[in-house]
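Both backbone and side-chain heavy atoms feed into the values below; hydrogens, waters and symmetry mates do not. Per chain, numbering begins at 1; letters A, B, ... match sequence-line order.
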2 protein chains.
Amino acid sequence: MENDLNHFLALMSQRGLNTTKQRVNIAKIFFCMQGHHSLEEICQEVRKTYPGIGQTTVYRTIKLMCEVGLAEELHVGENFARYEVCIGKQHHDHLVCTACGKTIEFHLPEIEKYQKEIAEKNGFTLLDHRHILLGICEKCRAKHREKT
Amino acid sequence: MENDLNHFLALMSQRGLNTTKQRVNIAKIFFCMQGHHSLEEICQEVRKTYPGIGQTTVYRTIKLMCEVGLAEELHVGENFARYEVCIGKQHHDHLVCTACGKTIEFHLPEIEKYQKEIAEKNGFTLLDHRHILLGICEKCRAKHREKT
DNA sequence: CTTTTTGCAAAGACTTTGCAGAGAT
DNA sequence: ATCTCTGCAAAGTCTTTGCAAAAAG
């Protein structure tokens, strides 16, 4: 964890960006968060420990992390972005419930062969965590049946 | 095309919804649009032929089409939704360039086996056009190299 | 004539930007 | 001392909602 923080700060330095309290504190919290979170959620989590950090700063810092490759932005059928730490994580893909947002990460080597095939045929370079499968989870399906 | 329109109107009737000029005209235009379009784009296209249709009405009509299964909402790494007609289209998936939004549709039976496997294991029911592969297309990669 | 629909304007949700004061090197 | 960063408030997008006038059945 300490390492990740230093790595982040090093990447900032490389770009001529300063080490600030806020950036350090946001990184400390964000790097410990599991899963895929909205900026609102990240903000709240940061403020539990470090109140008084501005929302704008959190926005800007997470964007920075995306640029240097320590975080990834994910759009999973919602009108807002979610962010995920991607340090020391194996390549993985996402199965997302479009009803409740529940997300399951999976890794299936067999499927990658076909993904690469498709991408190459079309001249695309695939991104990491690049595969999003949309569905309805069991709970939401049950709820939907109740209504009908 | 005429058939699709009637199908749409029939589905509206089933729900006790009226047949209106606007709904008919929006359907006429939208059903002819290929690809994945923002509501802004759909609106503009509709107004080329039928000026004076309100944006709100287009929004509401496209939402309706999604509810009855004639259209699908797609979020592909942008902060807004795109819509696609899904009448008479074979099941397909999407390869999307996160830099320029270019989308390629593909259908690969082999990959579906694995998608189903993952979904079942996690209690998910998959949606149609459910697979989104993110990447960078050739053009955008070239542009990026220029900069660096 | 009743009920639904339209389309404007206003409000909402998420995100970005402008800028003056605070902070980092 | 200089240049960057913060955080508020304001502006910008995309989308939804309220409501009075218009249209449908």
Once ring pair (Phe, Tyr, Trp, His ring centres under 6.0 Å) is applied, do any residues pair with Tyr114(B), and if so which ones, sequence neighbours excluded?
none
Keeping to residues at least two apart or across chains, list the salt bridge (charged side-chain N to carboxylate O under 4.0 Å, His left out) pairs with something in residues 48-58 of chain B.
Glu45(B)-Lys48(B)
Suppose we screen for side-chain contact (heavy atoms from CB on, under 4.5 Å). Which residues come up paired with Ser13(A), at least two apart in sequence or across chains?
none
How long is the line joining CG of Leu64(A) and P of dT4(D), in whole Å?
14 Å
Could you list the residues that satisfy salt bridge (charged side-chain N to carboxylate O under 4.0 Å, His left out) with Glu120(A), not counting sequence neighbours?
none
For His37(B) and dC14(D), give me the distance from atom NE2 to atom P, rounded to whole Å.
16 Å
Near DNA chain D, counting only heavy atoms under 4.0 Å, which residues of residues 43-52 of chain B show up?
none
What's the shortest heavy-atom distance between Ile42(B) and Phe30(B), and which atoms?
CD1-CE1, 3.7 Å
Of all the heavy-atom pairs spanning Phe124(B) and Cys97(A), show the shortest one and how long it is.
CE2-N, 3.4 Å
Enumerate all atom pairs, one protein N or O and one N or O from nucleotides 12-15 of chain C, separated by less than 3.5 Å.
| residue | atom | partner | partner atom | Å |
| --- | --- | --- | --- | --- |
| dT15(C) | OP1 | Ala81(A) | N | 2.9 |
| dT15(C) | OP2 | Tyr59(A) | OH | 3.0 |

Tell me, for nucleotides 17-25 of chain D in 5' to 3' order, what letter each nucleotide earns: B for a base near a protein heavy atom under 4.0 Å, S for only sugar-phosphate near one, - for neither?
B------SS
Taking only residues two or more places apart in sequence, or in another chain, which ones meet Phe106(B) in a ring pair (Phe, Tyr, Trp, His ring centres under 6.0 Å)?
His131(B)
Could you check how far CD1 of Ile53(A) sits from P of dG23(C), rounded to whole Å?
13 Å
Find the distance Met12(A):CE to dT6(D):P and express it as a whole number of Å.
11 Å
Looking at Arg23(B), I'd like to know whether one of its side-chain N or O atoms comes within less than 4.0 Å of OP1 or OP2 on dT4(C).
no
Atom CZ of Arg15(B) and atom P of dT4(C) are separated, to the nearest Å, by 15 Å
Only distances under 3.5 Å count here; give the side-chain donor-acceptor pairs of residues 33-41 of chain B to other protein atoms, sequence neighbours excluded, each with its distance to 0.1 Å.
| residue | atom | partner | partner atom | Å |
| --- | --- | --- | --- | --- |
| His36(B) | NE2 | Glu84(B) | OE2 | 3.4 |
| His36(B) | NE2 | His94(B) | NE2 | 3.0 |
| His36(B) | NE2 | Glu105(B) | OE2 | 3.2 |
| His37(B) | ND1 | Glu41(B) | OE1 | 3.1 |
| His37(B) | NE2 | Gln34(B) | O | 2.4 |
| Ser38(B) | OG | Glu41(B) | N | 3.2 |
| Glu40(B) | OE2 | Gln44(B) | NE2 | 3.2 |
| Glu41(B) | OE1 | Ser38(B) | N | 3.1 |

Partner set under side-chain hydrogen bond (donor to acceptor under 3.5 Å, both in side chains) for Arg23(B), not counting sequence neighbours:
none
Salt bridge (charged side-chain N to carboxylate O under 4.0 Å, His left out) pairs touching residues 106-116 of chain A, sequence neighbours excluded, are none
Report the distance from atom CD1 of Ile62(B) to atom P of dT6(C), rounded to the nearest whole Å.
12 Å
Return the value, rounded to whole Å, for the distance between atom CD of Glu73(B) and atom C1' of dT16(D).
13 Å
Would you be so kind as to tabulate the donor-acceptor pairs closer than 3.5 Å made by side chains of residues 58-67 of chain B, with sequence neighbours excluded?
| residue | atom | partner | partner atom | Å |
| --- | --- | --- | --- | --- |
| Thr61(B) | OG1 | Thr57(B) | O | 2.7 |
| Lys63(B) | NZ | Glu73(B) | OE1 | 3.3 |
| Glu67(B) | OE1 | Arg15(B) | NH1 | 3.1 |

